[in-house]
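Just so it is clear: chains get the letters A, B, ... in the order the sequence lines come, proteins before strands, and each one is counted from 1. Values reported hereafter were calculated over all heavy atoms of this structure, with side chains retained and with hydrogens, waters and symmetry mates removed.
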Protein chains: 2
Amino acid sequence: MNAKSHASPNGSPTALYQRIRGDLERKILSGDWPPGHRVPFEHELMQSYDCSRMTVNKVLSGLATAGLIERRRRAGSFVSRPRVQSAILQIPDLKAEVEKRGEHYGYRLLALEKRGASAADKARIGVALRAPVLALRCRHEAEGQPFALEDRLINLRAVPEAMQQDFSQTPPNTWLVGQVPWTEAEHRIAAEAADEATAAELRIEPGAACLTIERRTWRGGEPITAVRLIHPGHMYDLVARFTPSA
Amino acid sequence: MNAKSHASPNGSPTALYQRIRGDLERKILSGDWPPGHRVPFEHELMQSYDCSRMTVNKVLSGLATAGLIERRRRAGSFVSRPRVQSAILQIPDLKAEVEKRGEHYGYRLLALEKRGASAADKARIGVALRAPVLALRCRHEAEGQPFALEDRLINLRAVPEAMQQDFSQTPPNTWLVGQVPWTEAEHRIAAEAADEATAAELRIEPGAACLTIERRTWRGGEPITAVRLIHPGHMYDLVARFTPSA
DNA sequence: TGATCTAATATGTATAGACAAATAATCGTC
DNA sequence: GACGATTATTTGTCTATACATATTAGATCA
């Protein structure tokens, strides 16, 4: 028996694997199979679809790593309990984002300093006291209007190349993305009132609501960078979308 | 030759698949293999690890669906270009979250109305004009202190059971999670100043910075619910974490 | 030179069979 | 009925093989 004999009956060229996966996903996501429902055993599925166990196994393990089902030996596979409420949060590259909307992107370096890490720096980025760090503060603009303040700390032990970079031209944001690989990241999102300095630099009223995003990244436990982005709350929305089934 | 002969040399019981995957992931995430680098061919890996092609194929396809590599027939597999900056945003179940911290959770239903969808409702949740919706507003408290205002619209055509539910006891939040499966969600995060009513209900100063999260969910294109959560900005942080390698 | 055809190659999908490991169910014993 | 050992079932992993399919590099030809 050869693989071709399993092309779907209607002649569509979809792989059998995809077809089974789609069928099961639909049953689960439609609520047809509620959480806790037992998915057919592998040997039942191989009969239904007239295929080998490897094929249905691949489908079921895939669904398991995607979190749609849970599998227990001897017991079977079960539709997972209520989905965790999670979403993919896209942290945009500001320059690319602005230009994608056809607006003119502007950038201004406000301050740059190489220094030994202070106690505050240490708390923020997690390097040793007096370890070399690069601190910079800059402003992003769209059509001449400030829309984000970036306050960044870079661990120079992890990213020594940062010293060679001319940050008066390239935003650190844009440079670091794609330059330095990371393995872990943490984000913290909060709303705060703008203080005097921030308000002046963003050209908004002191006390106005701002959306702040703090982001820290590591590579194998070593801190890379910590950044704090302050957006005027009214002009910036973060949109996160989630659709199951990669 | 049997499967057992591939137990890792040091006697660890890890599956060969896991070991290969770990090895390759480390190479990629450490930056050892930079973006664009060609991963060894399947036949090369099967020689290195002395295993069958199916095994390395499973590893490589896994890495591909995880987005770490890209595969091209005849050309080979390549480490992906700079990772998209995305993160898993955990939208917590408020009640569970508060109780997890050992604090007393309180809840108060402020308003509940069944009505035909207004134009505003239509814009917000996407149902037809005058379609039946359930609108409710409630407050979440931790240790007696308000920390979130929930303003929700439920599409009664999609979730008729909502009418039977006693929302003066159970937060809609908690009830909907795990009750109604969904396939798509959209989140919008912004900072806003509290208006008079909001400030009174949250017991904060009018104009204080608030973190608002809007969330809309669908099931197969049909709107389920739209919710707006308003948090006093100072007391609520959202933490999102990302670690590659499911 | 440039376009086109051809063969080689790497991945994509699938099969059938094998043994390992975990665990639910059963049976036997006290 | 409670407890413990045994058995059966299901998933987890792996092998060796096969053919399909996309794509590239090289050969061929206009």
Side-chain angles (χ1 to χ4, degrees), chain A residues 1-24 36-80 246, chain B residues 1-9 11-24 33 36-80 246:
Chain A
M1 180 179 286
N2 106 9
K4 193 54 175 292
S5 67
H6 283 299
S8 68
N10 57 15
S12 109
T14 327
L16 178 56
Y17 165 83
Q18 305 287 349
R19 197 155 63 87
I20 304 179
R21 168 120 187 194
D23 287 355
L24 300 191
H37 180 270
R38 211 207 73 223
V39 174
F41 295 127
E42 293 189 347
H43 69 261
E44 293 172 323
L45 288 173
M46 51 191 283
Q47 287 203 343
S48 314
Y49 287 96
D50 185 32
C51 67
S52 82
R53 208 191 121 213
M54 277 301 294
T55 303
V56 300
N57 180 292
K58 201 179 166 192
V59 173
L60 292 180
S61 351
L63 289 173
T65 61
L68 287 176
I69 64 173
E70 282 160 30
R71 316 197 71 194
R72 288 208 318 278
R73 284 179 182 174
R74 167 74 217 232
S77 306
F78 303 85
V79 176
S80 293
Chain B
M1 180 182 287
N2 105 12
K4 194 54 175 292
S5 66
H6 283 298
S8 67
S12 109
T14 327
L16 178 56
Y17 164 83
Q18 306 286 348
R19 197 156 62 87
I20 304 180
R21 167 118 187 194
D23 287 356
L24 299 190
W33 288 350
H37 181 269
R38 211 206 74 222
V39 174
F41 296 126
E42 293 189 347
H43 71 262
E44 293 173 325
L45 288 173
M46 57 190 278
Q47 287 203 344
S48 313
Y49 288 96
D50 185 30
C51 67
S52 82
R53 209 192 118 210
M54 278 301 295
T55 303
V56 300
N57 180 290
K58 199 179 166 190
V59 173
L60 292 180
S61 350
L63 289 173
T65 62
L68 287 177
I69 65 173
E70 283 160 29
R71 317 196 72 194
R72 289 208 320 277
R73 285 183 183 174
R74 167 75 219 234
S77 306
F78 302 85
V79 176
S80 293

Rounded to whole angstrom units, what separation is found between the CZ atom of R21(A) and the P atom of dT13(C)? 12 Å
Check: L24(B) and I69(B) side chains under 4.5 Å, non-hydrogen atoms: no
Just by modelled atom types, is the V39(A) backbone N or O under 3.5 Å from a matching donor or acceptor in the S77(A) side chain? no
Selected nucleotide, minimal atom distance to M54(B) side chain, candidates dA14(C), dT21(D), dG12(D): dA14(C)
Gap between atoms CZ and P, on F41(B) and dT23(D) respectively (whole Å): 15 Å
Would you kindly give the CZ-to-C1' distance between R72(A) and dA25(C), to the nearest whole Å? 14 Å
So, is S61(B) near the phosphate of dG12(C), with a side-chain N or O under 4.0 Å from OP1 or OP2? no
Just the rounded figure in Å: distance from P of dA18(C) to CG of L16(B). 21 Å
Whole angstrom value for the distance that separates C1' of dG12(D) from CE of M46(A): 15 Å
Base, sugar-phosphate, or nothing for R53(B), non-hydrogen atoms under 4.0 angstrom? base
With DNA chain C as reference, determine whether S77(B) or Y17(A) sits nearer its 5' end, using the nearest nucleotide of each. S77(B)
To the nearest Å, how far apart are K58(B) NZ and dC14(D) P? 7 Å
Would you tell me if any nitrogen or oxygen in the side chain of R71(A) comes within less than 4.0 Å of OP1 or OP2 on dG12(D)? yes
Is there side-chain contact between K58(A) and T55(A), with at least one heavy-atom pair below 4.5 Å? no
With respect to the phosphate group of dT13(C), does any side-chain polar atom (N or O) of T55(A) fall under 4.0 Å of OP1 or OP2? no
Can you check the R73(A) CZ to dG12(D) P distance for me, whole Å? 6 Å
Give a yes/no answer on whether the side chain of Q18(B) brings an N or O atom under 4.0 Å of OP1 or OP2 in dT13(D). yes
Whole-Å distance separating the CZ atom of R38(B) from the C1' atom of dT9(C): 12 Å
Ignoring the backbone of A75(A), work out which of dA24(C), dG12(D), dT11(C) is nearest its side chain. dA24(C)
Would you indicate which nucleotide in dA22(C), dT11(D), dT21(D) comes nearest to any side-chain atom of R74(A)? dA22(C)
Is R21(A) close to L63(A) at the side-chain level, that is, under 4.5 Å between some pair of heavy atoms? yes
Does the Q18(B) side chain pair with the main chain of A15(B), one donor and one acceptor, at a distance under 3.5 Å? no
Measuring from the side chain of S52(B) (C-beta onward, heavy atoms only), which nucleotide among dT11(D), dT15(D), dA10(C) has the closest atom? dT15(D)
